[in-house]
Number of protein chains: 2
Amino acid sequence: MSFISTRSRYGLRFLIELSKRRNEGPVDLGSIAEDQAIPETYLAKLVVPLRNAGIIRSARGAKGGYELSRSPDDITVLEVVEVLEGRSSLLECTERPELCARSADCPTLPIWTGLEKAVHDYLKGVSVSDAAAPRAPDYAI
Amino acid sequence: MSFISTRSRYGLRFLIELSKRRNEGPVDLGSIAEDQAIPETYLAKLVVPLRNAGIIRSARGAKGGYELSRSPDDITVLEVVEVLEGRSSLLECTERPELCARSADCPTLPIWTGLEKAVHDYLKGVSVSDAAAPRAPDYAI
DNA sequence: TCTATTGATACTATACTGGTCCGGTTAGGA
DNA sequence: TCCTAACCGGACCAGTATAGTATCAATAGA
């Protein structure tokens, strides 16, 4: 549907689970997939970019699984979204203005750039540990 | 690609043109399509929801065309985006939480709701006349 | 009536989303 | 050592959205 697809949404829920189960050692994908009701094979694919980005680390073999490789305080939702959506931007125009011949004097460009910044600032201000917190914090409505 | 597709982008540029050519009478689609370098047949489709929403009005026949039916101060970019993207939300979860069985205690829902609000507030604060202004106003970077 | 212009509908190519499937690799434990 | 739980990687697929194109009808001015 959009900028925030199931990739980000599932991925974030996965990371929240990992943060709740810290110091249990590696958590296997299947158990998270099951209790988050996310198709395991699909989740398995989301996990790849998260690992490549250094957000989680994996352990292979029996008793293997995944764990956060950093404190959940240090993982912003912005980073998760960028990694999982594979782009940092809502719009090509703001990310690569050179692709648009009109960008130099496009009257709408500053609007989209401003929107981008609003989104960016908001997402950067929320971390995985905020998300995992039991009570609704101040980023909520 | 996303929440802000060519529909919103073309549509907004179209409205900005109309606002610049106010009191010329109805402006024909072809001339705007040409100088904005937007495929005319595509733009013709975007114009329909804008008319239905009461943002523009049309005149048929020779010397026909389109004009803003309100002051460009009274048309927010939020309205344009909502009308042209056909939804008000980046996410199903925030728009129709009842569709998701988990929404009641989904830890990520407040995050997406907050993001939604940030986007909404920003877009509501910019009008077509702001966009048409020659100098970059304060909504810009 | 001729012609410019909107209005409405149907069609299409391409890419993205949200998956599934399957064979292979790694490593812990009996 | 061998079994098996778990990760790894790639191919594949159906459905939907995006960005158009094409065609024809309706309307109004000259």
Side-chain angles (χ1 to χ4, degrees), chain A residues 1-14 18 21 24-34 36-52 55-67 69 81 84-87 89-93 99-100, chain B residues 1-11 13-14 18 21 24-34 36-53 55-67 69 81 84-87 89-93 99-100:
Chain A
M1 169 183 195
S2 69
F3 176 59
I4 305 292
S5 69
T6 55
R7 296 177 61 86
S8 296
R9 305 208 303 278
Y10 289 173
L12 185 56
R13 280 160 57 196
F14 173 74
L18 286 189
R21 305 203 203 164
E24 285 182 25
V27 182
D28 79 286
L29 198 81
S31 75
I32 293 186
E34 187 176 12
Q36 288 292 317
I38 298 170
E40 183 176 346
T41 49
Y42 188 52
L43 185 55
K45 293 203 314 184
L46 304 183
V47 132
V48 178
L50 292 173
R51 175 167 39 80
N52 293 339
I55 294 174
I56 56 175
R57 63 170 158 259
S58 58
R60 299 180 72 152
K63 296 282 177 184
Y66 298 92
E67 46 192 345
S69 54
V81 170
L84 289 175
E85 303 294 344
R87 63 185 122 90
S89 180
L90 283 95
L91 290 170
E92 289 268 302
C93 343
L99 292 183
C100 175
Chain B
M1 170 182 195
S2 68
F3 176 57
I4 304 292
S5 70
T6 55
R7 295 177 62 86
S8 296
R9 306 207 303 277
Y10 289 172
R13 280 161 56 197
F14 173 74
L18 285 188
R21 304 203 204 164
E24 283 183 27
V27 182
D28 80 287
L29 198 82
S31 76
I32 294 186
E34 187 177 9
Q36 287 293 316
I38 297 170
E40 183 176 346
T41 50
Y42 188 52
L43 185 56
K45 293 203 313 186
L46 304 184
V47 133
V48 177
L50 292 173
R51 176 166 40 80
N52 292 339
I55 294 174
I56 57 175
R57 62 170 160 260
S58 59
R60 297 178 73 150
K63 297 282 177 184
Y66 298 91
E67 44 192 346
S69 53
V81 170
L84 289 175
E85 303 294 344
R87 64 185 121 91
S89 180
L90 283 94
L91 289 170
E92 289 268 304
C93 344
L99 293 182
C100 175

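Within every chain, numbering begins at 1; the chains are lettered A, B, ... in the order of the sequence lines, protein sequences first and strands thereafter.
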**OP:** Let me see the working for A:Asp28 and A:Tyr66 under side-chain contact (heavy atoms from CB on, under 4.5 Å), right down to the final yes or no.
**Re:** CA-CA 6 Å; A:Asp28 79 286; A:Tyr66 298 92; over 6 Å; no
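- In summary, the side chains of B:Arg51 and B:Ser69 do not present any donor paired with an acceptor at a separation below 3.5 Å, with no hydrogens or angles considered.
- Using a 4.0 Å heavy-atom distance criterion, A:Gly65 is classed as a sugar-phosphate-only contact.
- Between the side chains of A:Tyr10 and A:Ser5, not a single donor N or O lies within less than 3.5 Å of an accepting N or O.
- By the 4.5 Å heavy-atom criterion applied to side chains, B:Gln36 and B:Leu43 are not counted as neighbours.
- Nucleic acid contact class of A:Ala59 (heavy atoms, under 4.0 Å, all strands): sugar-phosphate only.
- Evaluation of atom-type donor-acceptor distances gives a pair under 3.5 Å for the side chain of B:Lys45 against the base of D:dG20.
- The listed nucleotides are D:dC8, D:dG20, D:dA28; the one nearest the side chain of A:Arg51 is D:dC8.
- Between A:Arg57 and A:Pro26, the closest side-chain pair of non-hydrogen atoms is not below 4.5 Å.
- If you take CD of A:Gln36 and P of C:dG18, they are 17 Å apart, rounded to a whole angstrom.
- If you check D:dG29, D:dG20, C:dG7 against the side chain of B:Ala62, the one that comes closest is D:dG29.
- Separating the CD atom of A:Glu67 from the C1' atom of D:dC7 is a distance of 14 Å, rounded to the nearest angstrom.
- In this structure, of D:dA19, C:dG7, C:dG19, it is C:dG19 that holds the atom nearest to the side chain of A:Pro39.
- With rounding to whole Å, B:Glu40 atom CD is found 13 Å from D:dA22 atom P.
- Set against D:dC7, C:dG7, D:dT21, the side chain of A:Leu29 has D:dC7 as its closest nucleotide.
- Listed pair A:Thr41 / C:dG19 fails the phosphate criterion, with no side-chain N or O lying under 4.0 Å from OP1 or OP2.
- Within the 4.0 Å cut-off from OP1 or OP2 of D:dA6, not a single side-chain nitrogen or oxygen of A:Ser58 is found.
- When each of A:Lys63 and A:Arg7 is assigned the nucleotide of DNA chain C bearing its nearest heavy atom, the one mapping closer to the 5' terminus is A:Arg7.
- Rounded to whole Å, the distance from CD1 on A:Ile38 to P on C:dT17 is 17 Å.
- As a whole-Å value, the separation of A:Arg13 CZ from C:dG18 C1' is 14 Å.
- Side-chain to base pairing of B:Arg60 with D:dA26: one donor and one acceptor N or O lie within less than 3.5 Å of each other.
- For the OP1/OP2 pair of C:dG7 and a distance below 4.0 Å, the side-chain nitrogens and oxygens of B:Tyr66 include at least one atom meeting the criterion.
- Rounded to whole Å, atom C1' of D:dT18 lies 16 Å from atom CZ of B:Phe3.
- Atoms CG (A:Leu50) and P (D:dC8) sit 12 Å apart, rounded to a whole Å.
- The side chain of B:Asp28 lies closest to C:dT5, out of C:dC21, D:dC7, C:dT5.
- Distances shown here put a side-chain N or O of B:Tyr10 below 4.0 Å from the OP1 or OP2 atom of D:dG20.
- Counting only heavy atoms from C-beta outward, the side chains of B:Glu67 and B:Val27 never approach each other to under 4.5 Å.
- What separates CG of A:Leu46 from P of C:dT17 is a distance of 12 Å, to the nearest Å.
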